[in-house]
Student: 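Mind having a look at this structure? Questions to follow.
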Protein chains: 2
Amino acid sequence: MDFTDVSLVALRVFQEVAERGTLTSAAASLGYTQSAVSRQIASLERAAGGPLLERRRDGVRLTAAGHVLLRRAAVVLEQIDAAGRELAGLPADAGAVRLGWFASAGGALVPAAVAALRRTHPGITVTSREGSTPVLVRALRAGTLDLVVVASAPPFRPPDTGSPPLELRTLSERGLLLAVPATHPLAAEDSVDVADLRGQRWIAGHSGDDKLMGVWPGLDERQEIAHTARDWLAKLHLVAAGCGLTTLPPSLLPVVPPGVRVVTVRGGPSEQRRILLAWLPGKLTKPATLLANALSAVGPA
Amino acid sequence: MDFTDVSLVALRVFQEVAERGTLTSAAASLGYTQSAVSRQIASLERAAGGPLLERRRDGVRLTAAGHVLLRRAAVVLEQIDAAGRELAGLPADAGAVRLGWFASAGGALVPAAVAALRRTHPGITVTSREGSTPVLVRALRAGTLDLVVVASAPPFRPPDTGSPPLELRTLSERGLLLAVPATHPLAAEDSVDVADLRGQRWIAGHSGDDKLMGVWPGLDERQEIAHTARDWLAKLHLVAAGCGLTTLPPSLLPVVPPGVRVVTVRGGPSEQRRILLAWLPGKLTKPATLLANALSAVGPA
DNA sequence: GAAGTCCATGACGTCCACGCATACCAGACA
DNA sequence: TGTCTGGTATGCGTGGACGTCATGGACTTC
C-alpha cells in the first residue's frame with residue numbers, strides 16, 4: 001500500500017497514541033479495542049515503510065520517522081477539522097486557543113488570566129485541560145494544544161528533548177512554600193528552619209511517579225505520609241484540619257483557605273520553582289499570543 | 001458519517017474532479033469507473049452535509065462549499081505527499097516548482113526560462129505541463145500547479161472569476177503577428193494591410209472551442225480553412241510549405257523555421273496579446289518566485 | 001428521432017477493518 | 001518459582017465500505 005492513501009482515522013489514531021504514550025489508553029480514549037489500534041498502527045507503519053513507534057516496556061515512543069509523520073499529521077487533521085467546521089457553517093473559529101496547564105496553575109493563574117482575556121478580548125474563546133508535564137508536552141507536539149503552562153524545578157531542564165525544541169517563556173520564579181495548620185507550632189513564625197521539618201506528618205500527592213510530591217524535598221526517605229490526595233482543595237483542607245503539612249507552589253497563595261498558614265523554609269538547598277509557558281515554534285496564533293500575554297500579566301502577581 | 005473521517009482517496013478524487021471539470025474524465029485519469037467517482041463524490045457530499053458540485057450539462061462546477069473544501073483538501077494532500085516523500089528518505093523537496101503553460105509558451109519562453117534558472121539555481125527542479133487556460137487555472141486552484149503562464153486577449157478579462165482572485169503579472173504585451181510562406185506575395189513587405197487578408201487560405205488550430213484560432217481575428221466567418229493542426233511545429237511547417245497563413249503569437253518569434261516570413265498587420269482593431277503569469281495568493285514559494293523572475297527576464301526578449 | 005454527452009443508481013462481489021479471544025513478553029511481588 | 005499486572009501482537013469470523021457492471025434519465029446535436 002502506498003502512503004498516499006492512508007486513512008484519516010489511522011492518522012487520528014496515531015496522533016492519539018503519540019499523545020497518550022500507549023496503544024491501550026489511546027484505544028480506550030477513542031472507543032476502540034486495543035487490537036484495532038495495534039492494527040491501525042501496523043498498517044500505518046507498513047505504508048510508511050518502517051517503524052513509527054519504538055515498543056518499550058511501559059508503552060511506546062515515537063521514532064524519528066514517527067516524529068516526522070506526527071508533524072504532518074497534525075497539520076492534516078487540523079485542516080480536516082477546520083474544513084468540517086467551515087462546511088457546517090461555523091465561522092472558521094480563528095479566535096480559539098487550547099490551553100494546557102499543570103494542576104496547581106488551575107487554582108488562580110489560569111482562571112485569572114482567562115477572565116482578564118475575556119474582559120479585554122471577548123472574541124477569543126479559550127478551552128483548556130489539566131495534565132502532567134509529559135502529557136501536556138506530548139499534546140503540544142501532537143497538535144492538540146496550542147499553549148501549555150508547566151512547572152519546572154532545579155536544575156530546570158527543558159520539559160522534553162524533542163525536536164524542534166519547544167519555545168519557552170518563564171512566567172515566574174519563586175521559592176517553594178510550606179503549608180501548615182494555623183494551630184501548628186510551626187505556624188508561629190513567618191519562616192521555619194528546614195531542620196524542624198524532620199519527623200512531621202505529611203500530606204502527599206500521588207501524581208504518577210513522584211511519590212514524595214508534597215513532602216519537603218531533600219529530607220531523607222523515611223518521612224511519615226499521613227494522607228495522600230491528588231486534589232489541591234482536599235490537600236489544603238486536610239492541612240486546615242491539622243492532619244499534616246504539605247508543600248505549596250507559590251501560584252496557589254491567593255487561594256489558600258482559612259486555617260492554613262503559609263511559611264517559607266530557610267536552610268537547605270535552593271527550592272526555586274519556575275512556571276513556564278511552552279509552545280511549538282512557529283505555531284503561536286494571534287489569540288494564543290494574547291493569552292500568553294494575559295498569563296504573563298497575572299503570573300508575577 | 002462525520003466529516004472527520006472522510007477518506008483521502010475521496011479528497012484526491014474530488015481534487016481531480018475539480019481540476020478536470022467532469023466526473024468522467026477524472027475517472028479516466030484516475031483509472032476508476034465513472035460510477036466509482038460519482039459514488040465517492042456523493043459520499044463526500046453526504047459527509048459535508050451539502051452539495052459540493054453543481055451539475056451542469058457539460059460536467060460539474062464547484063459550489064461555494066466545494067471551493068471551501070478544495071482549498072483545505074489541497075493543503076491536506078500536499079502534506080500527505082510531503083510526509084510520504086519525507087518518510088521515503090527523500091529530502092522533503094523544498095526546491096520544486098510545478099509550472100503550467102499554454103501551448104505557444106512552450107516554444108521558447110518556458111525552455112529559455114527553465115534553462116536560465118538551472119544555470120543560476122541548479123538546486124531547483126522544475127516540472128511542467130502544457131494546458132489550456134481553463135485547465136491550468138483549475139489546476140492552480142486545485143493545488144496541482146504552483147505557477148502558470150497563460151495568454152490573454154482583449155478585453156483582458158481575468159482568467160477566472162474564482163475566489164480568492166488570482167495574483168497576476170504581465171510578462172509581455174505585444175501585437176499578434178502573421179506567419180506567411182516566404183514565397184507568398186504578402187511576404188514582400190514587413191507589414192500587410194488587413195484588407196489583403198480576405199480570401200486567403202488559413203491553417204487553423206482546433207484547440208477546443210475556438211475553431212477559428214489561427215485565422216486572423218475580425219475577418220468574417222467565411223474564411224477558407226485549408227488545414228487544421230494542434231501542434232505549432234506542424235503549423236509552421238505547413239506555412240513553410242506554402243499551404244496557407246496562420247496567426248503567430250510573438251512569443252514564438254525566436255523559433256520560426258526557415259521558409260516562414262513573419263509580418264505585422266496594420267488596420268483593423270487592436271490585436272494585442274498579453275502573456276500573464278498567475279498564481280494563488282499566498283502560495284508563492286521561494287523556488288516559484290525565482291522561476292517567475294526568470295520568466296519575467298526572458299519574457300520581453 | 002437517433003446518437004452522443006453527461007451523471008445517478010440498483011445489483012452484485014471482494015476485501016478490509018473491526019471486535020473477541022488468546023498468545024506473548026517483561027517486571028513486581030509473594 | 002509461580003502468579004499477577006501492566007503492556008503489544010495475532011488468528012478468526014463478520015459486517016460494511018467500495019469497487020465494477022449494467023442500466024436509466026436528462027439534455028444537446030445532427
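So that the names make sense, note that chain A is the first sequence line, chain B the second, and so on, each numbered from 1.
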Student: Side chain of B:S35 only, heavy atoms from C-beta on: which candidate in C:dG19, D:dT20, D:dT8 is closest?
Tutor: D:dT20

Student: Within less than 4.0 Å of OP1 or OP2 of C:dA26, is there a side-chain N or O belonging to A:R57?
Tutor: no

Student: Between B:T33 (side chain) and B:A36 (backbone), is there a donor-acceptor pair under 3.5 Å?
Tutor: no

Student: Rounded to the nearest angstrom, tell me the gap between atom CZ in A:R46 and atom P in C:dA17.
Tutor: 8 Å

Student: What integer distance in Å separates B:E54:CD from C:dC7:P?
Tutor: 13 Å

Student: For the atom pair OG (B:S25) and CZ (B:R20), what is the distance rounded to the nearest 0.5 Å?
Tutor: 5.0 Å

Student: Grab the CG-P distance between A:L53 and D:dG7 for me, whole Å please.
Tutor: 15 Å

Student: Between C:dG27, C:dC7, D:dA9, which one does the side chain of A:R55 approach most closely?
Tutor: D:dA9

Student: Counting only side-chain heavy atoms from C-beta out, which of D:dA9, D:dT20, C:dC7 sits nearest to A:Q34?
Tutor: D:dA9

Student: Mind calculating the distance between CZ (B:R61) and P (C:dC6) to the nearest angstrom?
Tutor: 17 Å

Student: Donor-acceptor pair, distance only, cut-off 3.5 Å: does the side chain of B:D5 make one with the backbone of A:L8?
Tutor: no

Student: Round to a whole Å and report the spacing from CG of B:L44 to C1' of C:dA8.
Tutor: 16 Å

Student: B:L52 CG to C:dA8 P: how many Å, rounded?
Tutor: 12 Å

Student: In terms of the nearest nucleotide of DNA chain C, which residue is placed more toward the 5' end: A:Y32 or B:I41?
Tutor: B:I41

Student: Could you work out which one of D:dT20, D:dT8, C:dA26 sits closest to the side chain of A:T24?
Tutor: D:dT8

Student: How many whole angstroms separate atom CG of A:L23 from atom P of C:dC18?
Tutor: 13 Å

Student: Separation of B:Q40 atom CD from C:dC7 atom P, in whole Å?
Tutor: 15 Å

Student: When you get a sec, tell me which of C:dG19, C:dT9, C:dC7 is the closest nucleotide to the side chain of B:R39?
Tutor: C:dT9

Student: Is there a side-chain polar atom (N or O) of A:T33 under 4.0 Å from OP1 or OP2 of C:dC18?
Tutor: no

Student: What's the closest nucleotide to the B:S38 side chain, out of D:dG19, C:dT9, C:dG19?
Tutor: C:dT9

Student: Mind listing the closest non-hydrogen atom pair of B:L53 and B:L23 along with its distance?
Tutor: CD1-CD2, 4.0 Å

Student: When you measure from the side chain of A:R12 to the backbone N and O of B:T4, does any donor-acceptor pair fall under 3.5 Å?
Tutor: yes

